[in-house]
Protein chains: 2
Amino acid sequence: MMKQTQAKTKAKDICKELGLKLTPQRMAILAYLDGNTAHPSAEDIYGAVSRRFPGMSLATVYNTLASLRDKGKLLELTIDPAKKRYDPDTRPHHHLICLDCSRVSDIDHVFDLDVPDSLGYEITGNHIEFYGYCPQCKDKDTAPRLAPGRGHTKER
Amino acid sequence: MMKQTQAKTKAKDICKELGLKLTPQRMAILAYLDGNTAHPSAEDIYGAVSRRFPGMSLATVYNTLASLRDKGKLLELTIDPAKKRYDPDTRPHHHLICLDCSRVSDIDHVFDLDVPDSLGYEITGNHIEFYGYCPQCKDKDTAPRLAPGRGHTKER
DNA sequence: TTCATCATTTAGATTCATTCTAAATTGATA
DNA sequence: TATCAATTTAGAATGAATCTAAATGATGAA
């Protein structure tokens, strides 16, 4: 209950801070994203928000995600080869993807990633993708969905 | 000249090792990938190989890439949000992408990436994506193509 | 060498995520 | 309350990647 209200208050604050209009669709998307650690895709967000908000367009979800991303309020993750995943937590952190079910989890650890030779690039950021099998998947030995050819995958 | 021959020899060896038939299309794709550090996309590979090998199908490129990837001879990179990129160097290493021109370069440095809390996952691999601006792009201050909302991007 | 088999190639259709378009709507401000 | 620009919308369009089913061709056995 309180969470709902808090999320809506935050949603308003974010819109004001970014100079975005307070539309009900935006509020709903922002409220859904607030504190969300599931790294949802655009479809996930559309599915969840449009349930409570029938008639809204998927394009609105993409529009909103794009403006939040452009203004630095949302991270667009490329860790899942099938689709983009979104993370409202914009603090530096890393991710862990399950090669079986594609669940994405946060790794909140700071690593020392000084690059000895940056090849003349001006490096502005980094992100570590860890691959593996989540607690739910690591025991059921199903055929991996996106296992081979990724990162530095070792044999299990 | 010699390179051509070497690449073809290697291509044959790889096919034999993997139990794949030695088709001219496969040879050409493998020869193109051998020692290639440009991290080409499927389209890139198709464009290059079909120039010397007219009439070949893009589907063949995808088929070949999939079998090489499945057999561990090719890394499929998700670092470029626009398309998958391929790397014939399957040794553990990391990558650096230019946020302006999408060029991908190798980072051949070993980092200590021990995770204190793996959240119950069985971690099998990792990959670091570095973001930045390549030597060619870092001076021309064009509007970034895929800059915001990625990794831990700092202000320039 | 010839043949049969089965992997591979192929063109084209299909899928699916994402972006674009242009018209209708609506929030913010005067 | 009227205005205007931002936003939403449905649907079309794009583009990467996958799938299909038929044709082709590499390979191993005879």
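Every chain is numbered from 1 and lettered A, B, ... according to where its sequence line falls, protein lines coming before strand lines. Since the structure is predicted, the reported quantities are computational estimates derived from the model, not experimental observations. FYI, side chains are in, hydrogens and waters are out, and symmetry mates aren't considered; it's all heavy atoms of this structure.
Rounded to whole Å, the distance from CG on L30(B) to P on dT8(C) is 12 Å. Atom CZ of F53(B) is separated from atom P of dT9(C) by 9 Å (rounded to the nearest Å). Put simply, CD on E43(A) is 10 Å from C1' on dT18(C), counting in whole angstrom units. In this structure, Y62(A) places its OH atom 13 Å from C1' of dG15(D), rounding to the nearest Å. Atom CD in Q25(A) sits roughly 18 Å away from atom P in dA24(C) (whole-Å rounding). The distance between atom NZ of K83(B) and atom P of dA17(C), rounded to the nearest whole Å, is 19 Å. Rounded to an integer number of Å, the gap from NZ of K16(B) to P of dA7(C) is 20 Å. Atoms OH (Y46(A)) and C1' (dT9(D)) sit 10 Å apart, rounded to a whole Å.
In this structure, L58(A) and K84(B) both approach DNA chain D, and ranking their closest nucleotides by distance from the 5' end singles out L58(A). In terms of position on DNA chain D, the residue among A59(B) and N63(A) whose nearest nucleotide sits closer to the 5' end is N63(A).
Side-chain contact of N63(A) with T60(A): a donor-acceptor pair under 3.5 Å is absent, judged by distance alone.
Results of the side chain to side chain donor-acceptor pair (under 3.5 Å) test with D106(A) over R91(A), H94(A), H39(A) single out H39(A) as the only residue that passes.
Under a 4.0 Å N-O distance rule, the pair R69(B)/E76(B) qualifies as a salt bridge. Salt-bridge check for E17(B) with K71(B): failed, with every basic side-chain N at 4.0 Å or more from each acidic carboxylate O.
Contact check, R26(A) against dA6(D): no side-chain N or O comes under 4.0 Å of OP1 or OP2.
To the nearest 0.5 Å, the span separating CG on L77(B) from CG on D87(B) amounts to 5.5 Å.
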Report each atom pair, protein N/O against N/O of nucleotides 27-30 of chain D, whose distance is under 3.5 angstrom.
| residue | atom | partner | partner atom | Å |
| --- | --- | --- | --- | --- |
| dT27(D) | OP1 | L22(B) | N | 3.1 |

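For R103(B) (side chain) and C134(B) (main-chain N/O), no donor-acceptor pair under 3.5 Å exists by modelled atom type.
Under the 4.5 Å side-chain criterion, counting only non-hydrogen atoms from C-beta, H127(B) is not in contact with L75(B).
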